[in-house]
Structure formats: structure tokens, C-alpha cells
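The structure under discussion appears below in the form of C-alpha cells.
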Amino acid sequence: MKIEKQLELLTARHVDLFSEDELKKKLEIAATEGRGLRIKYGADPSAPDIHLGHVVGLNKLREFQDAGHTVVFIIGDFTGMIGDPSGKSATRPALSKEQVRVNAESYKKQVFKVLDPEKTEIRFNSEWLGEMKFEDVIRLSSHVTVAQLLARDDFSKRYADNRPISLVEFLYPLVQAYDSVMVEADVELGGTDQLFNLLLGRELQKIYGQHPQCVMTLPLIEGLDGVQKMSKSLNNYVGIDETAKEMFGKLMSVSDELMWKYFHYVLCRTPDEIETMRAGVASGELHPRAVKEDLARSVVDRFVGEGEGAKAAEEFARIFAQKKLPQEMLELALSAEKIGLIDLVVKAGFASSNGEARRLIQQGGVRIDDEQNKDIKAEITPAEGMILRVGKRKFARIGF
RNA sequence: AGUGGGGUACCGAAGCGGUCAAACGGGGCAGACUGUAACUCUGCUGGCUCAGCCUUCGAAGGUUCGAAUCCUUCCCCCACUACCA
């Protein structure tokens with residue numbers, strides 16, 4: 001692929017890039033030497049749930065791979081002990097070797113839905129960090145000043161507000177930067193929140209006599225609520241390992257405005273394509289619902305499997321537009337004896353306590369065979385094929 | 001080590017002797033509405049054998065007819081000062 005063309009492709013959708021000239025130079029050198037660049041990407045080991053927010057970065061990595069470069073995917077099993085210094089909890093318990101291995105397998109399975117395994121090098125940073133002696137840590141620390149670290153927004157704010165910053169958190173960017181040295185990264189990719197850490201990698205590489213890596217950041221996309229960044233802890237994410245049904249439903253609940261972002265960053269639709277759709281919606285030619293369905297369907301097709309999107313769309317229409325029953329639902333085995341409605345709801349796992357079940361019933365959220373039942377004292381005589389529904393989304397078919 | 005501030009339900013945060021299962025906000029759940037699991041509106045949001053009872057406000061004791069609220073001891077967090085290096 002021609003350099004110009006590559007550059008155009010590779011720089012799409014980025015936020016920061018240090019710098020385009022450097023990247024160009026690196027591409028040229030790599031081309032003349034007949035090798036690919038090493039693209040570093042770090043991942044947190046404790047949350048092996050890849051979601052659409054990660055996909056933004058993974059898409060970019062894939063583009064690098066398609067242009068002939070190698071992705072070095074680092075699982076931060078060692079840094080995981082420190083905890084991400086994003087202001088929340090400081091240290092976490094170290095993961096056991098076994099746990100790391102399990103997580104890594106789960107990572108691979110998910111990540112390779114986007115990345116090309118042939119061009120991916122998976123590394124654990126405990127490989128080199130676990131070997132370090134305290135002496136080495138001191139030497140490493142000597143390269144960076146407190147003032148440099150305080151330049152990081154998050155740190156300086158917390159310092160100014162008298163909020164604690166653990167020393168170990170200071171070490172985090174340093175360690176991440178050291179990873180770049182160890183894998184000899186040519187380019188490092190990350191979310192915009194990683195900018196500081198990525199740039200520190202450049203500094204450290206220089207100190208260690210390497211060519212500094214290019215740094216590219218990609219946006220953090222908002223989660224389902226449309227406000228906060230997509231993240232597991234906020235539970236506003238769409239995981240790429242979820243069922244078609246869940247994925248589809250979640251995407252359909254995204255606001256009309258946010259869906260364009262998902263088209264762009266998750267599905268890599270070009271600004272032109274998106275502009276066309278937007279215009280269609282604006283003129284009334286296209287129904288926003290149809291556009292969103294296209295989004296949901298495409299995402300499901302991509303991560304669950306070709307054709308799954310259409311199925312999920314059908315199912316969704318059945319349940320929410322036509323108010324019919326889903327094709328598959330939980331089977332609840334009971335005996336033929338009478339059972340209290342409250343017990344039934346709890347037994348199906350739709351309420352975690354009798355109190356909650358009682359509330360659901362009183363609020364009209366419980367239906368038997370599509371008939372609302374608000375009587376908390378009701379006794380039900382189970383019948384084969386009887387349908388229990390709680391809320392909009394929970395269904396169970398009773399059997400024996 | 002000293003001084004000061006603080007530990008309340010999923011989270012943030014009020015309450016500072018009874019009317020406290022504990023205001024308010026966020027989150028979650030349900031209902032109505034909807035193209036939508038969006039928005040908005042309404043309600044609910046400790047447990048139970050549910051018009052009653054039981055367990056909760058860092059922990060343990062105590063004062064009191066009665067404690068989240070007062071006292072004692074202890075544990076933990078934070079800031080500042082000192083000390084050590």
C-alpha cells in the first residue's frame with residue numbers, strides 16, 4: 001500500500017497524533033526495510049469484557065494490521081496490581097497466575113473478533129516487570145520528576161484539591177511507559193485519557209536510546225446513557241461477547257444523536273456515508289428507527305455472526321412492537337401444586353427477595369399469560385406452557 | 001506522634017436523643033407514553049410469616065423509658081504539623 005494512502009487510512013478518526021510527520025517517516029523507513037511497524041496497545045487484565053468502547057481502538061489496530069503492521073497487545077497483568085489511577089480505588093489484589101491465564105484466554109477470544117491473530121503478538125507485562133529488582137525500579141524512577149507527573153491533569157487536580165495520590169499511582173504511568181521500551185513500540189494507541197501515559201512512553205524510549213513511538217489517541221465513546229463514557233463499572237456498555245438479543249436491544253435504546261457516533265467509531269462508516277444518512281433522516285425520507293436498526297443489526301452481524309442481526313431484529317419487533325412473546329425463553333420447572341405468585345416470581349429469579357416480588361406485583365409488572373395480576377396473595381395453579389412475564393423483558397415458560 | 005476533619009442504605013450526601021427503615025440527588029426497578037430497553041412523566045427502591053415484626057447508620061461496651069444522634073474504648077480513612085530517612 002502506498003504511504004500516502006496508508007497515512008490517510010490510518011489517521012482517520014483519531015483525536016491526537018504525535019505526529020503525522022513522524023508517522024510518515026516511520027512508515028517510509030519500514031517500507032524500505034520491508035518490515036511492519038510495531039503497534040502497541042495495552043489492556044487492563046481485570047476486566048476481560050471487551051465492549052464497543054474498546055472496539056474503537058481495536059478497529060484502528062486492525063487497520064494497521066491490514067496495512068501490514070504488527071500489533072503488540074499487552075495484557076497488563078503486572079500493572080493490574082496497581083490499579084488504574086483514574087481516581088477511583090488505588091491498589092487491587094494481585095491476580096493469581098491461573099486467573100491471569102483464564103482472563104487472557106477470554107481476551108483472545110474476544111479481541112480476535114476484530115484483530116487478525118496472525119499479526120498479533122500477545123504479551124504480558126509481568127514478563128519483564130516481574131523480573132525487575134528494586135534497584136531497577138529506582139533506576140527507572142530516576143528518569144522522571146514529580147513535576148512531570150503532576151503535569152497529568154488528573155494528578156494535578158487531585159493534588160490541588162488535597163485528595164490523595166498514592167505513590168504507587170505515580171508509578172503507573174512510568175511502568176506503562178517502560179512497556180513501550182520493552183516491546184520497542186513504533187506506535188502506541190490508546191484512549192484520550194491515556195495521552196499522558198503514552199507521551200511518557202516517548203520520553204522514556206528516548207532515554208533508553210530508542211526512536212520515540214508515535215502516539216495516537218482515539219475518542220472514548222459515550223455509553224448507552226449518552227453521557228458517561230462507556231465502561232463496565234457504569235454498566236452502560238455493550239459487550240462484544242453478549243447475546244444477539246441483548247446487543248440488539250441495548251443498541252436500540254441508544255439516543256438518535258449518539259447512534260451516529262457508533263456508526264463512525266464502531267462500524268467505521270465514513271463521514272460522507274453518515275452525512276447521507278443524516279440528510280435522509282432530516283428530510284423525513286429515512287426513519288430514525290430504521291437507521292438505528294441498521295446500526296444494531298450491523299453490530300450484531302459483526303460480533304455475533306452474519307445473519308444474526310436480522311434474527312435479533314425480528315425478535316425485537318415481536319416483543320416490543322407487536323408485544324408478542326420471544327421465541328426462546330427461560331423454562332421454569334415446577335410441580336403441579338399451587339404456588340403463591342410471590343414465590344413464583346422469586347423462584348423464576350425475577351426478584352431477589354419476596355419484598356421485591358411483592359412490589360413488582362403491586363406495581364403491575366407481573367403478568368400471567370399476558371394478564372396483569374396485582375394480587376400479592378394470588379395463588380397460581382401451574383399449567384404446562386403457562387407464561388410468566390415480569391416487566392418488559394423477563395419471560396419464563398412454566399413446565400413440569 | 002500531635003492537631004483537626006471524617007466513617008450513614010448500591011453510590012453521593014442530610015440527620016446530631018423520641019414523630020428514623022433514616023431527607024435529598026444519582027443509580028436501579030416498575031407503570032404510562034413511544035419507532036425505541038431513548039426522552040419525559042408517575043410510583044417503588046433493608047428483610048420477613050407484611051395494617052405487625054425483625055435487622056441496619058465503622059466495631060464493641062455504656063448512659064437513657066428511648067440512641068444514627070450522648071459517653072468510653074478500639075479500628076479505619078483524610079489533611080496539616082512534627083519526627084525519622
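A, B, ... follow the sequence lines: proteins, then strands. Residue 1 opens every chain. The structure displayed is predicted, hence computed values, not measured ones.
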- Return no unless some side-chain N or O of A:N354 is found under 4.0 Å from OP1 or OP2 of B:U49. yes
- Task: Sort out the partner of B:U55 for me: Watson-Crick or G-U wobble, both distances under 3.5 Å, none otherwise.
- Result: none
- Quick one: which of B:A30, B:A32, B:G35 gets closest to the side chain of A:R367? B:A32
- Message: Within the 4.0 Å heavy-atom criterion, would you say A:K377 contacts the bases, only the backbone, or no part of the nucleic acid?
- Response: nothing
- Message: For A:V366, run the side chain to side chain contact (heavy atoms under 4.5 Å, CB included) check against A:L344, A:I376, A:V345 and tell me which one passes.
- Response: A:V345
- Separation of B:U36 atom C1' from A:R297 atom CZ, nearest Å, is 15 Å
- Just call it for A:N235: base, sugar-phosphate, or nothing, with non-hydrogen atoms closer than 4.0 Å on any strand. nothing
- Of the candidates B:G35, B:C48, B:A37, the side chain of A:S353 sits closest to B:C48
- Message: Counting the atoms with a prime plus P, OP1 and OP2 as sugar-phosphate, which does A:G364 contact under 4.0 Å by heavy atoms, base, sugar-phosphate, or nothing?
- Response: sugar-phosphate
- Closest nucleotide among B:C33, B:A38, B:G35 to the A:K392 side chain: B:C33
- Is there a Watson-Crick or G-U wobble partner for B:A79 with both distances under 3.5 Å, and if so, which one is it? B:U3
- Message: At less than 3.5 Å, do the side-chain atoms of A:D225 and the base atoms of B:G26 form a donor-acceptor pair?
- Response: no
- note: A:L295, atom CG; B:A38, atom P; distance rounded to Å ~ 16 Å
- Task: Spell out yes or no: do the side chain of A:Q363 and the base of B:G31 have one donor N/O and one acceptor N/O closer than 3.5 Å?
- Result: no
Where do N or O atoms of nucleotides 20-22 of chain B meet protein N or O atoms at under 3.5 Å, pair by pair?
none

- Task: Mind checking A:R393 for me? I need base, sugar-phosphate or nothing, with any heavy atom below 4.0 Å counting as a touch.
- Result: base
- Query: Could you state the CH2-C1' distance from A:W260 to B:A38, rounded to the nearest angstrom?
  - Reply: 15 Å
- Item | Nucleotide paired to B:U69 in any strand shown, Watson-Crick or G-U, under 3.5 Å | none
- Message: Please tell me if A:R359 has a side-chain N or O lying less than 4.0 Å from either OP1 or OP2 of B:G47.
- Response: yes
- Give none if B:C29 has no partner; otherwise give the nucleotide forming a Watson-Crick or G-U wobble pair with it, both distances under 3.5 Å. B:G43
- Roughly, in whole Å, what's the span from NZ in A:K292 to P in B:C39? 10 Å
- Task: For the pair A:Y237 and A:H51, name the ring-plane relationship: parallel under 30°, tilted 30 to 60°, perpendicular over 60°.
- Result: tilted
